[in-house]
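What follows is one structure encoded as structure tokens, with my remarks underneath.
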Amino acid sequence: MQLTQSEQAFAEAKQYIPGGVNSPVRSFRGVGGTPPFIARAEGSRIVDIDGNSYIDYVGSWGPMIVGHAHPQVIQAIVEAAARGTSYGAPTLLETELAKLVTKLVPSIEMVRMVNSGTEATMSALRLARAYTKRSKIVKYAGCYHGHHDSLLVKAGSGATTFGVPDSPGVPDSITQTTLTVKYNDPEELEAVFARQGEQIAAVIIEPVAGNMGLVLPQEGYLQKVRDITAHYGALLIFDEVMTGFRVALGGAQAYYGIKPDITCLGKIIGGGLPVAAYGGRRDIMEMVAPAGSVYQAGTLSGNPLAMTAGIATLRLISEDPDFYPKISQKTAALCAGLEAEAKKQGFDKLQFHRIGAMFGLFFSDKPVYDYDSAKQSDVQAFNTYFHAMLAQGIYLAPSQFEAAFMSAAHSDEDIKATIAASGEAFMQAAKLQSRLRG
Ligand SMILES: *Cc1c(COP(=O)(O)O)cnc(C)c1O
């Protein structure tokens, strides 16, 4: 059998790069098969090296909210590149992006740019520990904050287990300061604070969880987290690397009206270039070097190319007052269409979640509100659905436990085509389920 270009490329990549990829989520491990190797992208579409074109709902895992290769973003990058790609000295662009961020994100008074979401959350934890002079951190099972040691901790079964590292190479001594709790469970969080509140530096949370599939906070939950942290003098860190500029212009904190102490941003803030940031209250941020003594640095941080892509993207999303209403409406229309197709194939109670320009569906007939309930999903049904969509030119994240992203470039025709393709995909998933049950 003739191999596709992508299959050949993947085989070769595996000789030189671990698993053939520079980030494991791209590898199709969860769903099986070969990831298409991408040659180019434009608007709502990506095109692979075999010439297949896909309507893309991954959007580089979130950043591409204005669509791929947006002419204004590309022009800005090209012009900036001609002036040099990095100087390692201050530029006006850094202040410009910082001003934009403080204007758009309600709780951020000062902000430091870094290169990845991992760096942002790692630095935010160091800052929170320095500010509170405490060492413990509370994180949520199923929330992902990047791959640094303190937060690479899986769900412990049962209440508040001490963190068990998710990866070899992470010392127990580090994860022992990480306490894991269940999403949307106020009693558990209260109990953890009642026992060791005086030792807890911070709670870090995805205010809308997007890394166990899309899971929304229940009514009043984030306010509860805000109240408990404030009561015990712990900081509240919102990891809005995914949700920032995604669920609303001001992120989840604007959507839900909750003010965290520190916010981590990433993905959209760089418009497709490697940028992330952490920011928050002035008195906290002024502890960061060189204003203060909490060390954190970066050779390429705030580099002019990345700042330029971020500025161009944030301008596009903030200057059009209809941007979020329109993109949310498109997301709603797509989800309604998918749900109708699912019902036609006998999936009466799949869990569809959406907020702003994010959506997700769980192949589960029970409500999904935390990591354990997310894991009840029928992964095989998802995998069948995923491959049937891919074969029809619809590119979704290759895992049941990832969110999907709408962009401003997706047209009504794209949405119609996606809904139409889903009919076939739900049919194949339904056949698989009845085969397994029968
Ligand atoms: C993607 C993501 C990160 C990690 O960002 P990287 O740039 O991949 O290091 C952290 N937190 C959340 C919520 C994310 O979605």
Side-chain angles (χ1 to χ4, degrees), residues 21-27 57-65 105 112-126 128 137-155 166-167 178 180 183 202-217 222 225 236-248 251-253 255-256 260 262-280 296 298 300-303 306 309-310 313 353 355-360 371 374 397-399 401-405:
V21 290
N22 282 309
S23 190
V25 294
R26 299 174 197 166
S27 70
Y57 293 99
V58 178
S60 189
W61 300 84
M64 313 315 297
I65 194 165
V105 184
R112 167 61 60 82
M113 299 296 163
V114 293
N115 305 290
S116 72
T118 296
E119 241 187 288
T121 62
M122 180 181 80
S123 308
L125 289 196
R126 181 179 304 145
I137 299 292
V138 175
K139 88 168 278 286
Y140 286 82
C143 281
Y144 178 68
H145 305 290
H147 64 85
H148 58 91
D149 288 353
S150 291
L151 295 177
L152 204 57
V153 179
K154 206 187 295 205
D166 229 11
S167 163
T178 306
T180 307
Y183 206 74
V203 172
I204 185 165
I205 184 170
E206 290 181 71
V208 168
N211 286 290
M212 48 175 143
L214 175 57
V215 176
L216 301 178
L222 294 174
V225 180
L236 175 57
I237 304 173
F238 270 11
D239 179 354
E240 298 226 45
V241 170
M242 186 184 284
T243 56
F245 315 109
R246 170 61 64 186
V247 306
Q253 58 193 270
Y255 190 98
Y256 290 102
I262 301 177
T263 299
C264 300
L265 296 168
K267 298 191 170 124
I268 291 173
I269 196 180
L273 267 70
V275 185
Y278 64 108
Q296 183 269 310
L300 291 169
S301 292
N303 79 81
T313 300
H353 294 173
I355 178 169
M358 265 172 102
F359 62 100
Y371 193 39
S399 166
F401 305 107
E402 299 286 357
F405 304 110

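Indexing begins at 1, ligand by ligand and atom by atom, following the structure's order. Keep in mind that what you see is a predicted model, and the values were worked out from it rather than measured.
- Judged as a side-chain hydrogen bond (donor to acceptor under 3.5 Å, both in side chains), and not counting sequence neighbours, the contacts of T243 are E240.
- Using a 4.5 Å heavy-atom cutoff, the side chains of V105 and F245 are in contact.
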Note down each nitrogen or oxygen pair, ligand 1 side and protein side, whose separation is under 3.5 Å; give only atom names and the distance to 0.1 Å.
{"residue": "ligand 1", "atom": "5 (O)", "partner": "G117", "partner atom": "N", "Å": "3.4"}
{"residue": "ligand 1", "atom": "7 (O)", "partner": "G117", "partner atom": "N", "Å": "2.8"}
{"residue": "ligand 1", "atom": "9 (O)", "partner": "G117", "partner atom": "N", "Å": "3.3"}
{"residue": "ligand 1", "atom": "9 (O)", "partner": "T118", "partner atom": "N", "Å": "2.8"}
{"residue": "ligand 1", "atom": "9 (O)", "partner": "T118", "partner atom": "OG1", "Å": "2.7"}
{"residue": "ligand 1", "atom": "11 (N)", "partner": "Y144", "partner atom": "O", "Å": "3.2"}
{"residue": "ligand 1", "atom": "11 (N)", "partner": "D239", "partner atom": "OD1", "Å": "3.4"}
{"residue": "ligand 1", "atom": "11 (N)", "partner": "D239", "partner atom": "OD2", "Å": "2.6"}
{"residue": "ligand 1", "atom": "15 (O)", "partner": "N211", "partner atom": "ND2", "Å": "3.2"}
{"residue": "ligand 1", "atom": "15 (O)", "partner": "K267", "partner atom": "NZ", "Å": "2.6"}

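- Within the 4.5 Å cutoff, the side chain of Q253 has no heavy atoms near those of the P207 side chain.
- Side-chain contact check for E119 versus H148: every heavy-atom pair is 4.5 Å or farther apart.
- Judged purely by distance below 3.5 Å, without hydrogens or angles, the side chains of R126 and Q296 never pair a donor atom with an acceptor atom.
- Within the 4.5 Å cutoff, the side chain of P217 has heavy atoms near those of the Y183 side chain.
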